[in-house]
Amino acid sequence: MDEINELIEQRIKKLEELRQNGIEPFGGAFYAENHANDLHNEYSSMTKESLEENKITCSLAGRIIALRDFGKAAFAHIQDTTGKIQLYFRKDLLGEKYSFVKKLLDIGDIIGLTGRLFRTKTNELTVEVNDFVFLTKSLRPLPEKWHGLKDIETRYRQRYVDLIVNPEVKQAFIKRSMIIKAIRDFLESKGFIEVETPMMQPIPGGATAKPFKTHHNALNIDLYLRIAPELYLKRLLVGGYERVYELNRNFRNEGISTKHNPEFSMLEFYIAYRDYNFLMSFTEELIPYVAEKTLGTLKIQYGDDIIDLTPPWQRLPMLEALESKGVPSEIFNDYEKARAWAIEHRIEINKNMSHGKVLDEIFKEMVEPFLIQPTFIIDHPVELSPLAKRKSDNPSLVERFELFISAREIANAFSELNDPMDQRQRFQKQVEAKAQGDEEAHWMDEDFVRALEYGMPPAAGEGIGIDRLVMLLTNSQSIRDVILFPQLKPEQ
RNA sequence: GGGCCGUUAGCUCAGCUGGUAGAGCAGCUGACUCUUAAUCAGCGGGUCGCAGGUUCGAAUCCUGCACGGCUCACCA
């Protein structure tokens, strides 16, 4: 941390001077009766004259964010959780205490006050302060009023300052909260219950990703931070819950970028006796519901695009999507041709990649960038989806969809594989891939197979990346703008 | 991990082909009872990211490192 500088020293002196005057600079509870924006809303129609006649008193608590001193009177702005409002301090009203405003009150200090509402000659609703108390003396100067805090690194490292001085940042996180609440409300209304399954797992499963490893001392075992809750949620289907969801953190030990944070929020939900077709319609209901609740519209701006969330959305089999971009269909059933095509088109592949994986790489290059409007890509190759149910008319494909919006995967869902023998074989294949050096291949999870052996009802499950959904709905270009404390290297 | 860019006062930024650091805001002192970028007068404030190197002389040129941004690779 930086050393005490002159500006902080000055403020410590003021703090001591307050104490010498018998004033505690760090106060306790203050039950304000009002908030800034409520006052603006409530009295917006009240004229200067009627405010004078009615003598409306109020009390507020918040942070001083601007201060203009005139000698025997001063204007300030105070900011609380709702917004800001102007204050007017007068010597003839405050007497001795006015000198504290003049000498000892700083921008950044938190005060509580009582006063009377009036309008200035420019008609700004203002509180004439009758009395005030120091609640918190601020020792560090805030960024300047004009340009504010711009430095991106400081904004992320000291998010608290970012939130004080950049109202739109605060707003984005309020929106995030609303989005998550809307999702929960929707799922609850459809009969889902929220559950919590282990974040620390002995076998990290349910996704293809590199996990974080940790160690439990008392048990003397290695544990992994979960990369997905999937396998535990499906155990709950075995247990008899028919509709469950979990909305919480996943952890993946991979690169950090504008689209990736090591810990990120994921919604996963599972519904018994349904399939992926049901979930497509369900998703066409869920996401518009959330957009309507939080933005009030289904036409949203993201970057340069206007995205129309009005359902229904296009449903496009993966192989058809490839064909539509000029990928020849003969590579779909011919591994060597697929490899050759990829190499010819400078798509990076490696020896370990299965046929399905090669097709997926081609898809990411040739198709994904064009999926701006909501599109379900359906029926993926089975190698890509070791936990999904095969299509009855084509066992090389699975009943799966990925929802793309603005060239990003927003949701991933499939009819769940509930055949324990097929599941065991697919795990086995993954174990072999792992032995071949595929760090992200699934592990064998014997207990999960055992659960399936008891019988899991036919079911469909879906995952939605919450951070990416929030990015979409808040028009944020970086995941760091929707995560309060994004992961950064430590200072120094 | 690769490439490109950035890091100068509390904040936002200037600082040319190398000559020894500036502004605005914030702060301090003073004046001012309707300002809102208040105004006016005066004052203080710097490890120029860190470490080396070149040079008579480095914020400036070179090398390495740190942190950050964008981007590519990997992924959600």
Side-chain angles (χ1 to χ4, degrees), chain A residues 2-11 13-14 48 65-77 84-94 98 101-103 106-108 118-124 126 128 138-158 161 164-165 206-210 227-228 249-268 347-348 350 360-361 364-365 368 402-404 408-412 439-440 463-469 471 477-480 486 488-492:
Chain A
D2 43 25
E3 61 296 337
I4 304 283
N5 70 29
E6 185 196 343
L7 297 174
I8 292 177
E9 265 173 30
Q10 281 166 353
R11 288 180 174 220
K13 278 197 189 110
K14 291 180 183 179
K48 196 169 181 163
I65 53 163
L67 186 57
R68 298 174 292 277
D69 161 40
F70 288 83
K72 292 191 182 64
F75 285 95
H77 274 89
K84 55 194 179 182
I85 190 166
Q86 183 166 254
L87 304 179
Y88 185 42
F89 296 93
R90 294 171 49 158
K91 190 174 184 183
D92 53 8
L93 262 178
L94 291 165
Y98 184 78
V101 176
K102 208 172 150 59
K103 303 271 187 192
D106 283 306
I107 291 169
F118 75 106
R119 287 188 185 278
T120 63
K121 70 180 183 190
T122 54
N123 225 28
E124 179 167 349
T126 302
E128 186 179 67
S138 168
L139 299 181
R140 281 182 189 270
L142 287 173
E144 65 135 311
K145 55 191 169 189
W146 267 133
H147 305 88
L149 179 62
K150 287 267 193 332
D151 183 80
I152 291 174
E153 186 174 351
T154 310
R155 285 188 42 225
Y156 295 151
R157 286 196 197 282
Q158 301 185 45
V161 181
I164 292 168
V165 301
T208 48
K210 285 175 227 154
I227 55 176
R249 225 65 68 80
N250 287 350
F251 307 86
R252 297 189 185 175
N253 204 342
E254 288 160 357
I256 294 178
S257 75
T258 48
K259 299 185 191 68
H260 303 264
N261 195 60
E263 53 182 311
F264 62 101
S265 293
M266 185 75 143
L267 165 69
E268 283 199 18
I347 293 164
E348 275 190 45
N350 64 49
D360 190 39
E361 291 301 315
K364 279 180 186 165
E365 192 71 28
E368 205 174 290
E402 289 178 290
L403 171 63
F404 288 90
R408 285 168 202 196
E409 184 190 327
I410 295 292
N412 178 25
E439 276 189 89
E440 297 182 351
I464 295 181
I466 296 298
D467 308 281
R468 295 211 176 155
L469 181 64
M471 284 171 69
Q477 302 305 314
S478 171
I479 199 169
R480 297 179 199 104
L488 300 176
K489 281 200 187 182
E491 296 176 76
Q492 287 175 337

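Because only heavy atoms are used, hydrogens play no part in the values below, and waters and symmetry mates are left out as well, while side chains stay in. Letters A, B, ... mirror the listed sequences (proteins, then strands); counts begin at 1.
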For RNA chain B, what dot-bracket results from Watson-Crick or G-U pairs at under 3.5 Å, with [ ] for crossers and | for inter-strand partners?
(((((((..((((.....[..)))).(((((.......))))).....(((((..]....))))))))))))....

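Using the six-membered ring where Trp is involved, A/Phe70 and A/Phe75 have ring planes that are perpendicular, over 60° apart on the 30 and 60° scheme.
Spacing between atom CD1 of A/Ile479 and atom P of B/C74 amounts to 18 Å, rounded to whole angstrom units. A straight line from CD of A/Glu9 to C1' of B/G10 spans 13 Å, rounded to a whole angstrom. Protein atom CD of A/Glu491 is 11 Å distant from nucleotide atom C1' of B/G68, rounded to whole Å.
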Under 4.0 Å protein heavy-atom contact, by nucleotide of nucleotides 39-46 of chain B - B base, S sugar-phosphate only
-----BS-

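Contact annotation: A/Lys14 does not reach the phosphate of B/G27 (side-chain N/O to OP1 or OP2, under 4.0 Å). Regarding contacts with the backbone of B/U35, a side-chain N or O of A/Lys121 is found under 4.0 angstrom from either OP1 or OP2. Here A/Lys489 does not reach the OP1 or OP2 of B/G69: none of its side-chain N or O atoms lies under 4.0 Å away. One finds no side-chain N or O of A/Arg157 lying less than 4.0 angstrom from the OP1 or OP2 phosphate oxygen of B/C67. Applying the 4.0 Å criterion to OP1 and OP2 of B/C70, one finds that A/Thr258 has every side-chain N and O outside that range.
Ring-base stacking between A/Phe75 and B/U35 is satisfied, the centre separation being under 5.5 Å and the plane angle under 30°. For the pair A/Phe264 and B/A76, the ring geometry qualifies as stacking, because the centroid separation is below 5.5 Å while the planes lie within an angle under 30°.
Base contact: A/Lys102 has a heavy atom under 4.0 Å from a base atom. Among the atoms of the strands shown, base atoms are found under 4.0 Å from some heavy atom of A/Phe118. Contact annotation for A/Asn261: base contact, defined as any heavy-atom pair under 4.0 Å involving a base atom.
No option in A/Asn250, A/Ile464, A/Ile466 other than A/Asn250 meets the side chain to side chain contact (heavy atoms under 4.5 Å, CB included) test with A/Met266.
In terms of position on RNA chain B, the residue among A/Glu348 and A/Ile410 whose nearest nucleotide sits closer to the 5' end is A/Glu348.
Comparing B/G52 with B/G45, their C1' atoms sit 30 Å apart, to the nearest whole Å.
Relative to the side chain of A/Trp146, the nucleotides B/A37, B/C74, B/U35 differ in distance, and B/A37 lies closest.
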Listed pairs, N/O of protein and of nucleotides 11-15 of chain B, under 3.5 Å:
{"unit_1": "B/C11", "atom_1": "O2'", "unit_2": "A/Gly148", "atom_2": "O", "d": "2.8"}
{"unit_1": "B/U12", "atom_1": "OP1", "unit_2": "A/Lys150", "atom_2": "N", "d": "3.1"}
{"unit_1": "B/U12", "atom_1": "OP1", "unit_2": "A/Asp151", "atom_2": "N", "d": "2.8"}

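Summarising the local packing, CZ of A/Arg249 is surrounded by 12 or fewer heavy atoms from other residues, nucleotides or ligands at distances under 6.0 Å.
A/Lys84 contributes atom NZ, which lies 6.5 Å from atom NE2 of A/His77 (distance to the nearest 0.5 angstrom).
Between the side chain of A/Glu153 and the base of B/U7, no donor-acceptor pair under 3.5 Å is found.
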